[in-house]
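One structure is given here, and the rest of the page talks about it.
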Amino acid sequence: MMSTRRALVAGWLLAVCLCGSLSVAGARAAGDTLPSRLTDEEFWRVVQGFSERAGTFPSDNLLSNERRLQLVIPDLTRNVKPEGVYLGVGPEQNFTYMVALRPRMAFIFDIRRGNMALHLIYKALFELSADRAEFVSRLFCRKRPRGLTTTSSVAEIFGALSRVETSEEQYVANVRAVVNHLTRKHGFALSADDLLRLQHDYRAFYLYGPAIQYSSSRNTGRRASEPTYGDLMAATDSNGQLRAFLANDESFAYLKRLESDNMVVPLVGNFVGPKAIRAVGDYLKQRGATVSVFYVSNVEQYLRQDGTWPRFCANVAALPLDDTSAFIRSVRDRTPDSPFDLISELGLMASEVKDCGSN
């Protein structure tokens, strides 16, 4: 399996070299007018205006099940230009890729409106929390353990928190704080349905704590094949380096600033839909900005099964790309007789979609 991965990475690097784009100098294009922050009104107008009608998916998908998602990060950081725009799908794994690549803005697409609610929870928690220990305590509705500081390791934070009891009262207080922050401080007009989705998502983190898994909300038992939240935060890249977004306080501070500036925008959008991806493409083109990465997880698997992948390809072709813009994909481990496991692979966006057209 590793030889296959090395071959894929080598091909990707060769393509980048042939395009002469390894240098990160001048990453911000001339005429780039992407704002450094959005007002609350601008943020909510983009969320509402770019989103599509919600669809369904068989899982709540509150947590990644991609245990090895960090392995490609060294290759990404060597070859993707900094200060671009990040696109992604799904929950928290986007933050781990974002702290590695440091984009100036991010858009998170998902067919489920619940994912938008989940990212609004994260937005509130980043803004309300002074450091990682407070953030994790708020996320799992537990009182902050004593002795944790900004230099505490992920293992220390999650180990201490796992020994703290929680209560329904703590959960209710945390939900109230999040809702008040979003609706009163920011003035976001959340619907009754959005508030119900937010409570549903947040309650799962309260109930299962740091041991929450991808399938927890559907299966109250533990699945050995799925990582917990703590497992994902303790995972490393291919060089053995901790890369999770809670690995250190510097990464947390970067995300806190990005969220506080309203530059992480969650959208309800189908990859093959007519609106969300196209609207983001138009927005970025008007401001001279470029997409650096599109994390697509394993969504393409479903699109190919349904015969709709060409529509997704055409949507991506309409985005502003350069020669280093990269797909991050999650694909099933092809090792013979291996259990189900997802690994990450890279692809060059511009070359893969060049024949798709923009219509």
Side-chain angles (χ1 to χ4, degrees), residues 38 42-62 64 84-91 93-94 97-98 103 105-120 122-123 188-191 193-194 197-198 201 262-287 289-321 325-331 347 349-350 352-359:
L38 298 179
E42 289 170 333
F43 172 87
W44 197 243
R45 188 161 58 245
V46 170
V47 170
Q48 297 291 84
F50 290 8
S51 288
E52 301 171 340
R53 183 185 298 274
T56 59
F57 189 71
S59 169
D60 286 338
N61 196 12
L62 300 178
S64 172
V85 176
Y86 176 94
L87 308 183
V89 65
Q93 64 267 56
N94 292 284
Y97 286 132
M98 286 161 61
M105 190 172 193
F107 293 89
I108 310 299
F109 306 94
D110 203 290
I111 196 171
R112 301 167 301 112
R113 197 167 182 89
N115 193 68
M116 185 190 79
L118 177 59
H119 275 280
L120 290 177
Y122 274 120
K123 175 178 177 60
F188 301 153
L190 296 173
S191 69
D193 286 344
D194 287 334
R197 292 184 185 95
L198 185 153
D201 289 355
N262 291 329
M263 297 300 276
V264 181
V265 185
L267 301 174
V268 182
N270 191 330
F271 273 21
V272 300
K275 186 177 182 182
I277 292 178
R278 298 288 182 128
V280 169
D282 290 343
Y283 178 88
L284 298 179
K285 286 178 178 178
Q286 290 167 11
R287 290 156 181 80
T290 302
V291 172
S292 56
V293 161
F294 196 162
Y295 162 70
V296 296
S297 188
N298 64 338
V299 174
E300 290 171 300
Q301 167 191 335
Y302 300 100
L303 304 183
R304 293 185 188 279
Q305 289 173 358
D306 296 341
T308 57
W309 187 87
R311 286 158 55 190
F312 168 64
C313 187
N315 282 344
V316 174
L319 295 169
L321 309 173
S325 300
F327 280 124
I328 309 174
R329 295 184 169 100
S330 304
V331 300
M349 295 176 67
E352 290 190 21
V353 304
K354 63 183 178 63
D355 297 324
C356 293
S358 59
N359 296 314

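Just so it is clear, the values below take in all heavy atoms, side chains as well, and ignore hydrogens, waters and symmetry mates. If you're wondering where the values come from, they're calculated on a predicted model, not measured in any experiment.
Taking all atoms of both residues into account, the shortest heavy-atom contact from Ser51 to Val268 is OG-N, 3.0 Å. For Leu284 against Pro320, the heavy-atom pair with the smallest separation is CB-CG, 3.7 Å. Taking both residues in full, the closest heavy atoms of His119 and Gly90 are given as NE2-O, 2.8 Å, listed atom of the first, atom of the second, then distance. Closest approach of Glu352 to Cys356, counting heavy atoms only: O-SG, 4.5 Å. Heavy atoms only, all atoms of each residue included: Asn270 and Glu52 are closest at N-OE1, 2.8 Å. What you find for Ile111 and Thr56 is that their closest heavy atoms are CG2-O, 4.1 Å.
When only modelled atom types and interatomic distance are considered, Tyr295 and Asn94 share no side-chain donor-acceptor pair under 3.5 Å.
Between the side chain of Ser325 and the backbone N or O of Val293 there is no donor-acceptor pair closer than 3.5 Å. In this structure a side-chain-to-backbone donor-acceptor pair under 3.5 Å is missing from Lys275 to Arg53.
Here the CZ atom belonging to Phe327 is positioned 13.0 Å from the OG atom belonging to Ser297, to the nearest 0.5 angstrom. Atom OG of Ser292 sits about 10.0 Å away from atom CG of Leu321, to the nearest 0.5 Å.
Pairs passing the salt bridge (charged side-chain N to carboxylate O under 4.0 Å, His left out) check and including a residue from residues 106-116, sequence neighbours excluded, read Asp110-Arg112, Arg113-Asp194. Applying the salt bridge (charged side-chain N to carboxylate O under 4.0 Å, His left out) test to pairs two or more places apart or on separate chains, those with a residue in residues 297-312 are Glu300-Arg329.
The ring pair (Phe, Tyr, Trp, His ring centres under 6.0 Å) check on Tyr122 picks up Phe95, with sequence neighbours excluded.
Phe188 does not carry Lys123 over the face of its six-membered ring by the limits of under 6.0 Å from the centre and within 45° of the normal.
By the 4.5 Å heavy-atom criterion applied to side chains, Asn115 and Pro266 are not counted as neighbours. Between Phe312 and Val296, some side-chain heavy-atom pair lies under the 4.5 Å cut-off. Annotation: side chain of Val85 is not in contact with side chain of Pro103 (no heavy-atom distance under 4.5 Å).
Considering Phe107, Tyr86, Tyr97, Phe271 in turn, Phe271 is the only one that fulfils the ring pair (Phe, Tyr, Trp, His ring centres under 6.0 Å) rule with Phe294. The residue from Thr290, Asp282, Ile277 that alone fulfils the side-chain contact (heavy atoms from CB on, under 4.5 Å) condition with Leu319 is Ile277.
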